[in-house]
Amino acid sequence: MLELNKITKYYNPGTVNEMCLFNDFNLSVQNGEFVSVVGSNGSGKTSMLNILCGSIPIDKGSIHVQGSNITNMPEFKRQRKIGRVYQNPAMGTCPNMTILENMSLADNKGKAFNLGWGTNKKRIEYYRENLRSLGLGLEDKLDVPVGSLSGGQRQAMALLMVTMSPIEFLILDEHTAALDPKTAELIMELTDKVVKEKQLTTIMVTHNLRYAVEYGNRLLMMHQGEVIIDASGEEKKHLRIDDLLDKFNQISIECGN
Amino acid sequence: MLESILAVLETILVIFIGALEEGLVYAVMALGVYITYKILDFPDLSVDGTFPLGAAVTATLITKGVSPILTLLISFVIGAFAGMLTGIIHVKFKIRDLLAGIIMMTALYTINLRITGGKSNVPIFMQKTIFNNSFLNGMPEEVQPYLVSIVLFFIVLLMKLLLDLYLKTKSGYLLRAVGDNEMVVTALAKDKGITKIIGLIIANAYVALSGSVYAQKSGYFDIYTGTGTMVMGLASVVIGINLLKKVSFVKATSAVIVGSVIYKICVAIAIYFGLETSDLKLITAVLFFVILVASNDRKRRAKSNA
Ligand SMILES: Nc1ncnc2c1ncn2[C@@H]1O[C@H](COP(=O)(O)OP(=O)(O)OP(=O)(O)O)[C@@H](O)[C@H]1O
Ligand SMILES: [Mg+2]
């Protein structure tokens, strides 16, 4: 279980730009849940994920994973159990290293990075199989630097890399936003497949309302640092895109535009 | 006629061998700069302090009768320690990369003088060194002019192969990853700060070793030998990699070594045509500027965040 308890987060504290994004924010995600998160720009979705992963500090509150307090655990240590894919396909891979080298790095997560050979020759066939399952032909480009792949190919690799080692949580921040509709669809299907296969507890931020409705078993809508829709179970199943659009409109009327 | 041609050829050969020796001496230093600048994306100025550090340690120990080969090892270890301090200043105290290097470089100036007991110049001409010992002096007359080059060649080769090997290990992969995209290192649940420190340790160990070789070859330690080391190393790295990037079978580490030799040959030619040694730093600076502009290498990789 992932828990955010009474989180308070200020940006630029003590300056004229001071802004309180979260005030007593609470969220708990059960093991095995696949939560899709929607919400207008600036509603705090990325900030929430950053807080969970330890990328930004918080002012008050606590963060728990499977019951243990990780509020003060540095970002890199939290990643042991977390896999994260960003909107920008460039963020999840090393551009000047080859596909094989990137796969080898990802495969070694959780183990020691010592003076053993960086690439285990016996694993190459396994990497090939994994890459083949993407259906992008990457299995024949093992020695190509990742930087020369397209955004969609890189994103597929990023997803593959974070899900290769035994993680428990998958954090996705608009991970299909930079991709063309067809590739986005492919990545989304891959995501769903790997989440089910590995039974990952998942939080997926997206602006694609169809994905939010179609995938996952819980849906959150955020607005100005608060959760304004939290639907799970049957309620989530019956939720339609139009319901979400209505809510978006309602909000913007309340805000006076 | 023939005689004068031979004389010219001999002059060229002598200049070439001199430049080759110089280039090889600095090649190990350039490999260190390659680690920081190319792999880590960290312009490390502490190099200007760790190069003379190696030289100071070596000259002082040799006058005390320590074995020349042992001084190479000791310089390597002390350079590693200095690199670690630069890393800690940068990573743990969050000082910008350039400033962290400048702090270390400045501190090392005094430390180097302390090591030599306050002397800004320590001659070791008459002492036993890796270039001047009974084994090498017993070699046949004909090979004597090339002995220094040969010894240097083996040192450079060893250090290059070690680095190539290291870069193929898991630890080496992580080092390359941290310079390439540090978010990947974090995603691998590894501390990117520690990884950078490891890179600086290895780099400065190489640089100090190069300083040790320098002192033994030139026969003295001089406090001013450090100035401009980093820029010289950068020039070698950029020249080598840009000249040889089209030749796919040449590793970057080999390219850096070639770059160091080419750089020294250029310098030797410039001096042959009448430039003063004191003009060198300006030439290096201008040359380096031109290379950077031409290769657009000055663009630091953008590390944007969404
Ligand atoms: N580093 C920062 N410094 C100051 N303010 C910030 C910072 N990061 C985010 N904010 C502010 O916090 C608010 C929430 O930002 P956040 O990035 O979490 O939104 P989001 O829901 O992810 O939006 P989007 O859909 O555009 O990605 C915004 O008003 C933003 O201006
Ligand atoms: Mg966002």
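The sequence lines fix the lettering, A, B, ..., with proteins before strands; numbering per chain opens at 1.
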Is [X] in contact with chain B via its backbone, its side chain, both, or neither, using a 4.5 Å heavy-atom distance?
X        : result
A:Ala158 : neither
A:Asn108 : side chain
A:Ser104 : side chain

Closest non-hydrogen contact found for A:Tyr10 with A:Asp59 is N-OD2, 2.6 Å
Review point. Between A:Arg78, A:Arg80, A:Met97, which shows the greatest number of heavy-atom pairs under 4.5 Å with chain B?
Key: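 When all of A:Arg78, A:Arg80, A:Met97 are compared, A:Met97 has the most.
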Quick one: side-chain hydrogen bond (donor to acceptor under 3.5 Å, both in side chains) partners of B:Thr86, sequence neighbours excluded?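 B:Ser46.
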TODO: For atom NZ of A:Lys111, decide whether the heavy atoms of other residues, nucleotides or ligands shown that lie under 6.0 angstrom number more than 12.
DONE: yes
Residues at least two apart in sequence or cross-chain that pass side-chain contact (heavy atoms from CB on, under 4.5 Å) with A:Thr71, listed by chain then number, are A:Ile58, A:Ser62, A:Ile63, A:Asn69
